[in-house]
2 protein chains.
Amino acid sequence: MARSGPRTFDRDAALEAATLVFWEHGYAGTSISQLTTAMNINPPSLYAAFGDKRALFTEVVDRYNATHGRFMADAFAEETTATGLVTRLIMGAAEHYAEGNHPPGCLVIAAAANNSPSNAEVSIDLADRRNANRDLLQTRIADAISSGELPADADARGLATYVVAVIQGMSQQARDGVNTETLKMVGEMALRMWPVQPVSA
Amino acid sequence: MARSGPRTFDRDAALEAATLVFWEHGYAGTSISQLTTAMNINPPSLYAAFGDKRALFTEVVDRYNATHGRFMADAFAEETTATGLVTRLIMGAAEHYAEGNHPPGCLVIAAAANNSPSNAEVSIDLADRRNANRDLLQTRIADAISSGELPADADARGLATYVVAVIQGMSQQARDGVNTETLKMVGEMALRMWPVQPVSA
DNA sequence: AAGAATCTGTAGCGATCGCTACAGATTGGA
DNA sequence: TCCAATCTGTAGCGATCGCTACAGATTCTT
């Protein structure tokens with residue numbers, strides 16, 4: 001491998017490799033040694049290209065949201081009704097969380113679950129992102145209530161928290177080995193309590 | 001503190017202190033130093049009384065199930081119908097997961113979410129316990145289907161996985177700051193899709 | 001009364017952690 | 001052509017990790 005001149009490793013491929021390791025083991029369960037082995041670079045290259053472990057992790061989370069977890073942002077961007085959005089979020093989780101060609105579940109939910117006090121900021125960052133998603137969903141549901149799409153007595157916060165809880169539970173079940181078929185069944189059951197049923201295509 | 005003779009620290013109180021630290025930070029996020037500070041003993045006392053970090057963690061999990069998480073075992077032991085059992089499990093989670101006088105959520109769900117390969121057995125142990133709970137619930141639901149309590153076309157595995165996913169999601173939401181009132185709302189929504197509604201007392 | 005057993009505190013072990021100093025070596029610009 | 005800039009590899013830093021050797025000191029048994 002070259003020892004000078006333009007960077008010779010594929011930064012994007014290295015970042016994807018780091019994503020898989022953090023996704024499986026979490027921030028606290030992943031060492032620099034594991035990362036450099038997976039990324040096929042040495043520590044000084046990791047630090048030169050990414051900053052430090054925490055900066056790399058932040059970039060990994062951004063990348064995850066732009067790739068593997070993109071179905072959520074797409075659902076928010078493309079669905080115009082709360083019912084369509086929620087259906088797509090839940091069934092998207094069912095479809096993606098146990099695909100088998102990457103670690104199961106969701107990185108944003110799982111990767112900072114256990115941290116020491118010295119790494120608390122990592123956990124807080126991911127909690128903030130999850131809560132921002134729930135708040136966005138709550139806003140969409142509140143809009144649907146205001147527009148008459150959902151019943152006036154529906155509770156936006158409760159519904160948003162329920163949907164997020166179901167998705168987070170599906171992530172955990174996927175990590176516990178549950179397959180896509182069962183996750184889809186869970187998704188369908190979860191949607192049975194939705195105030196209005198989506199029109200079948 | 002005495003330096004000989006009968007053990008002078010309260011083993012049970014020390015174990016409870018360790019439970020709280022593992023519950024909040026998880027196995028990988030908790031150091032021996034944090035444990036000995038919380039338990040108010042020195043490392044040799046910890047090792048003499050509990051074995052090693054992993055053995056202590058196993059004992060902590062047993063203690064958690066016998067105390068804070070006891071509502072689940074009680075529900076299995078005392079409810080005679082699947083509908084009563086599921087209602088009690090979900091509403092018990094809502095009631096207990098955000099009490100405020102201990103870390104939020106469920107230790108069995110959260111405390112081994114991130115581990116390095118060298119600690120994989122810790123994660124496997126907790127996953128096995130969670131899956132054993134889901135399997136037990138599936139058995140109870142299957143029995144209810146056989147006995148006619150639930151419709152013949154109900155899917156025991158799907159229902160059990162749904163219930164466990166909801167409980168796990170509620171644990172994660174509690175850890176993300178959601179309060180008991182909202183968790184109860186989520187529990188009630190989750191139960192709306194149950195094949196039969198419980199008779200109100 | 002004395003000694004064995006036991007519990008505890010102090011100090012520190014070897015290993016691993018996140019990270020970096022420094023040198024090798026290539027590329028590109030002056 | 002030469003030198004600055006940059007990337008990389010090797011070796012290893014200080015700190016922290018899980019854990020323990022050893023000594024202090026009390027209790028209990030003989």
Side-chain angles (χ1 to χ4, degrees), chain A residues 1-15 17-18 21-22 24-61 111-112 114-123 125, chain B residues 1-15 17-18 21-22 24-61 111-112 114-123 125:
Chain A
M1 177 92 49
R3 289 178 79 172
S4 78
R7 184 160 285 139
T8 56
F9 70 90
D10 184 339
R11 193 179 191 283
D12 203 63
L15 196 54
V21 180
F22 276 129
E24 178 168 358
H25 298 290
Y27 185 84
T30 299
S31 64
I32 295 295
S33 174
Q34 284 172 271
L35 289 166
T36 51
T37 299
M39 296 162 86
N40 203 25
I41 58 180
N42 284 290
S45 303
L46 187 151
Y47 286 91
F50 298 101
D52 60 12
K53 183 183 180 186
R54 186 176 166 193
L56 171 62
F57 183 71
T58 299
E59 201 169 337
V60 150
V61 174
N114 305 143
N115 268 319
S116 63
S118 61
N119 287 330
E121 286 161 338
V122 175
S123 297
D125 176 39
Chain B
M1 174 100 44
R3 291 179 78 170
S4 79
R7 185 158 285 140
T8 55
F9 68 91
D10 185 338
R11 194 179 190 283
D12 203 64
L15 195 55
V21 180
F22 275 129
E24 178 166 358
H25 297 290
Y27 185 84
T30 299
S31 65
I32 295 293
S33 175
Q34 286 172 270
L35 288 167
T36 52
T37 299
M39 296 161 85
N40 202 26
I41 58 179
N42 284 291
S45 303
L46 187 151
Y47 286 92
F50 298 99
D52 60 12
K53 183 182 180 186
R54 185 176 167 194
L56 171 61
F57 183 72
T58 300
E59 202 169 335
V60 151
V61 174
N114 305 144
N115 268 319
S116 63
S118 61
N119 287 332
E121 286 159 340
V122 174
S123 296
D125 176 40

Footprint string (nucleotides 15-22 of chain C, 5' to 3'): B base within contact, S backbone only, - free, heavy atoms under 4.0 Å: --SSBBB-
For B/Asn115, side-chain hydrogen bond (donor to acceptor under 3.5 Å, both in side chains) partners two or more places apart: B/Ser123
Pairs where residues 33-61 of chain B contributes a residue and the test salt bridge (charged side-chain N to carboxylate O under 4.0 Å, His left out) is met, not counting sequence neighbours: B/Arg11-B/Glu59, B/Arg54-B/Glu121
Under the side-chain contact (heavy atoms from CB on, under 4.5 Å) test, residues paired with A/Pro117 that sit two or more places apart: B/His25, B/Gln34
Shortest non-hydrogen separation from A/Met39 to A/Ala18 and the atoms involved: SD-CB, 3.9 Å
Considering all heavy atoms, the nearest B/Ala38-B/Val21 contact: CB-CG2, 3.5 Å
Distance-minimising heavy-atom pair for B/Leu15 and B/Leu56: CD1-CD1, 3.7 Å
Distance-only donor-acceptor check, side chains A/Ser116 and A/Ser118, under 3.5 Å: yes
Check: B/Ala28 main-chain N/O paired with A/Asn114 side-chain donor or acceptor under 3.5 Å: no
Spacing between A/Phe50 atom CZ and D/dT8 atom P, to the nearest angstrom: 10 Å
Nucleic acid contacts of residues 116-123 of chain B, taken as heavy-atom distances under 4.0 Å to DNA chain C: none
A/Ser45 side-chain N/O to D/dG9 phosphate OP1/OP2 under 4.0 Å: yes
Would you tabulate the nitrogen or oxygen pairs shorter than 3.5 Å linking the protein to nucleotides 28-30 of chain D?
none

Parallel, tilted or perpendicular: rings of A/Phe50 and A/Phe9 (30°, 60°): tilted
Flag, side chain of A/Thr30 to backbone of A/Tyr27, donor-acceptor distance under 3.5 Å: no
Rounded interatomic separation in angstrom, taking CZ from B/Phe9 and C1' from C/dG9: 13 Å
For atom CG of A/Asn42 and atom C1' of C/dA23, their distance in whole Å: 14 Å
Any A/Arg7 side-chain N or O less than 4.0 Å from OP1/OP2 of D/dT6: no
Nearest atoms (heavy-atom pairs only) where A/Ala111 meets A/Phe22: CB-O, 3.8 Å
